[in-house]
Amino acid sequence: MFRIEGKDKDSNARAGRILTGHGEIATPIFMPVGTQGTVKGILQHDLENDIKAQIILGNTYHLYLRPGTKLIEKAGGLHKFISWRKPILTDSGGFQVFSLAENRKLTDEGAVFKSHIDGSRHIFTPENTVDIQRSIGADIMMALDECTPWPCEYDYAKKSLALTHQWLDRAITHFNETEPFYGHNQFLFPIVQGSTFDDLRKISAEKIASCNMEGNAIGGLSVGEPAEEMYRIIEIVNKILPVEKPRYLMGVGTPANLLEAIALGIDMFDCVMPTRNGRNGMLFTSQGTINIRNNKWSEDLDPIDPAGPSEVSRTYSKAYLRHLVMSGEHLGAQIASIHNLAFYLQLVSDAKQKILEGEFYKWKNSMTKKLSERL
RNA sequence: GGGGAGAUACCAAAGCGGCCAACUGGGGCAGACUGUAAAUCUGCUGGCUAAUGCCUUCGUAGGUUCGAAUCCUGCUCUCCCCA
C-alpha cells in the first residue's frame, strides 16, 4: 500500500506513494480539509486542477449529522455524492470529542454527543464510527480516539490514552469483521495519543505499531503546545512507528511545521489553516505570510504571487484581492483559499523533489526562515 | 411670506446639568486562527503619554451655573409643512 521511493540523506524525510482504491497519492502530501463534503468555498474542479489536491478530508461527525449516511449511501458513497474521484480520508469524530467538549460525555462505550445543530443526543462508538466511515466510503478511515487538550494533567492523559487504546482494539476488531460498501479498498489508521508526555507517547506508539495497520497517525498535537514540544514528540513517536508505513500527523500545520515534520519522517498532513486563514485574509507565500487586509496592499496591482502556485495567484492583483476581502465578497475568500491550498500542495511537492535529490534538509532550513516572515 | 424640526467625532446615530473624550452601528486600522459549531473572533479608532494623567472637542458667538454636548440669547446653515 505504501512504497518508499527515496530518502533524504541528512534527515528522516522520505518520499513515497500510497496506493488507495481511488488512485495513488504522492507523499509527502497535504490534504485539504473538506469537513462537510466540501473544501469550503472551492469547486472540486479547482481542487483537482488548479490546486492539484490528491486527497481530501471529510468528517464523520459532521457528515453523519448532516446529510446523514442514508443519503450518502443512496448516492453511492461520498465520492459520488460530491463528485470527487480521488481519495478521501475521513476523521472519525475524535477531534470533535476535543472541540465540542462541552457537548459530549465520554464513557467506556463511546462518546455521547449533543448535536451542535439541534441538540439531539447521539453516541459515537469505535464500532459505529467504522460503520459510518464504511457508508461514507472513505479510502482511509480513522479510529475513534480522544484528542486531549493542552495543557493536560498527566493522570488525565494516561486515563484518556487507555480509553483511546481500548477503543482502538474494538475499532480494529469491527473493521476486520466488516466489508467495504462500494467495492474499493478501505484502510483504518490508528492514532497515537499521550499528550506531551514522553512515556505515554512511547507506550502509545508501541501499541499503535503493534496493530500493524496500513498506516499510522499521530494526533493530539498542535492543540496549543509550543512547536518545539510538538517536534520533540514527533521524533519520539517516529522512532517507534514502522518506517515502512505512512505516517500521518493530524491537524498540522503552518508551512514551517510541515517542513520540520517531514524532516522527522512524517508523510501526510491536514490542516484548516490554508482555508480558514485564507478566508480571513491571510496568504501564504514562499517569501512569508501576507495579511491582505493591511493597508499597505491597497494599491499593489502586482499579482498575489507572480511565480505563484495557482492560476489565481498569477492572475489577480493584491489590490483586487484586498478589495474583495475588505468588501466581504465571497470571491475573495475563494481566491485566497485556492492560492493557499495551491501553495501548500506546491510546498510538499517541492519537498518531495528535494528528498528525491537528497537535498531536503538543507533546503528545508533555508525555507523555514522565509516562510515565517511577515510581509 | 408663515409655522415647525434640527445641527454631536470619518459616516449614521444616542446622550438632554456633574457618573461624557461622549452609548451603539457602520467604516477604518491592527491582531488571532493548526484532525473547521469560524466567510469567524478580539483590540484600537480627538491630541500628547510607557502608564496614572493632562490638553482641545458636541454648528457659531455670547450668557447662566461651583460645573454645560445638555439651560438661555443672538447669528449661520439644513430639513419638513402651509402660502
Side-chain angles (χ1 to χ4, degrees), chain A residues 30-42 55-63 65-66 88-104 113-119 129 133 138 140-150 164 189-193 217-227 229-230 248-258 260-261 266 268-284 289 291-298 321-322 324-337 340 344 374:
Chain A
F30 178 81
M31 309 180 280
V33 179
T35 307
Q36 309 208 54
T38 163
V39 176
K40 291 188 191 300
I42 298 175
I55 170 173
I56 62 172
L57 256 67
N59 184 278
T60 302
Y61 169 83
H62 289 280
L63 293 169
L65 287 182
R66 194 166 55 189
I88 293 175
L89 179 151
T90 42
D91 185 33
S92 60
F95 184 72
Q96 280 64 41
V97 171
F98 157 77
S99 67
L100 303 176
E102 64 274 27
N103 281 351
R104 58 79 172 152
F113 274 103
K114 229 171 69 186
S115 159
H116 71 281
I117 301 166
D118 62 6
T129 47
Q133 292 178 92
I140 299 172
M141 323 193 290
M142 300 305 298
L144 185 66
D145 67 333
E146 182 191 3
C147 176
T148 48
W150 188 88
T164 290
F189 283 18
I191 304 169
V192 175
Q193 287 290 346
I218 305 174
L221 292 176
S222 66
V223 286
E225 81 284 359
E229 286 274 287
M230 174 169 80
Y248 165 28
L249 179 60
M250 306 183 76
V252 174
T254 65
N257 288 161
L258 264 56
E260 294 296 345
I266 297 292
M268 306 164 71
F269 301 89
D270 79 282
C271 190
V272 303
M273 193 171 268
T275 43
R276 180 187 291 167
N277 289 31
R279 286 195 302 279
N280 295 329
M282 182 173 175
L283 304 179
F284 296 94
T289 62
N291 183 345
I292 200 66
R293 299 193 329 264
N294 287 174
N295 184 257
K296 61 180 165 190
W297 309 114
S298 62
L321 179 57
R322 178 174 193 272
L324 293 174
V325 171
M326 295 303 275
S327 310
E329 284 292 338
H330 294 188
L331 187 59
Q334 189 178 7
I335 291 172
S337 296
N340 281 348
Y344 268 62
R374 192 85 190 219

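Below, chain A is the first sequence line, B the second, and so on; all start at residue 1.
Listed pair A:Asn295 / B:G28 fails the phosphate criterion, with no side-chain N or O lying under 4.0 Å from OP1 or OP2. Residue A:Asn277 has no polar side-chain atom (N or O) positioned under 4.0 Å from OP1 or OP2 of B:A39. The side chain of A:Ser222 places no N or O atom within less than 4.0 Å of a non-bridging phosphate oxygen (OP1 or OP2) of B:U34. Listed pair A:Ser99 / B:G35 fails the phosphate criterion, with no side-chain N or O lying under 4.0 Å from OP1 or OP2. Between A:Asn280 and B:A32, a side-chain N or O to OP1/OP2 separation shorter than 4.0 Å is absent. One finds no side-chain N or O of A:Gln96 lying less than 4.0 angstrom from the OP1 or OP2 phosphate oxygen of B:G35. Residue A:Asn103 places no side-chain N or O under 4.0 Å from the OP1 or OP2 atom of B:A37. Close to B:U34, at under 4.0 Å from its OP1 or OP2, lies a side-chain N or O of A:Arg276. For the OP1/OP2 pair of B:C29 and a distance below 4.0 Å, the side-chain nitrogens and oxygens of A:Arg322 include at least one atom meeting the criterion.
For A:Met273 and B:A32, the CE to P distance is 10 Å, given to the nearest whole Å. If you measure from atom CD of A:Gln133 to atom P of B:G35, you get 17 Å, rounded to the nearest angstrom. Spacing between atom NE2 of A:His62 and atom P of B:A37 amounts to 4 Å, rounded to whole angstrom units. Atom-to-atom, NZ of A:Lys40 to P of B:C33 comes out at 19 Å; the value is rounded to the nearest Å. The CD1 atom of A:Ile266 sits 14 Å away from the C1' atom of B:U34 (whole-angstrom rounding). Taking atom CG of A:Leu283 as the reference point, atom P of B:A32 lies 14 Å away to the nearest angstrom. If you take CZ of A:Phe284 and P of B:A32, they are 11 Å apart, rounded to a whole angstrom.
Using a 4.0 Å heavy-atom cutoff across all strands shown, A:Glu225 reaches no nucleic acid atom at all. Among the protein residues, A:Asn59 comes within range of the sugar-phosphate backbone only, with heavy atoms under 4.0 Å from sugar or phosphate atoms but none that close to a base. Nucleic acid contact for A:Met326: sugar-phosphate only, since backbone atoms but no base atoms lie under 4.0 Å from a heavy atom of the residue.
Each of A:Arg374 and A:Ile117 was matched to the nucleotide of RNA chain B holding its nearest heavy atom; the match closer to the 5' end belongs to A:Arg374.
Side-chain atoms of A:Gln133 and A:Thr90 form a donor-acceptor pair, as typed in the model, at a separation below 3.5 Å.
For A:Tyr61 and A:His116, the ring centers are positioned less than 6.0 Å apart.
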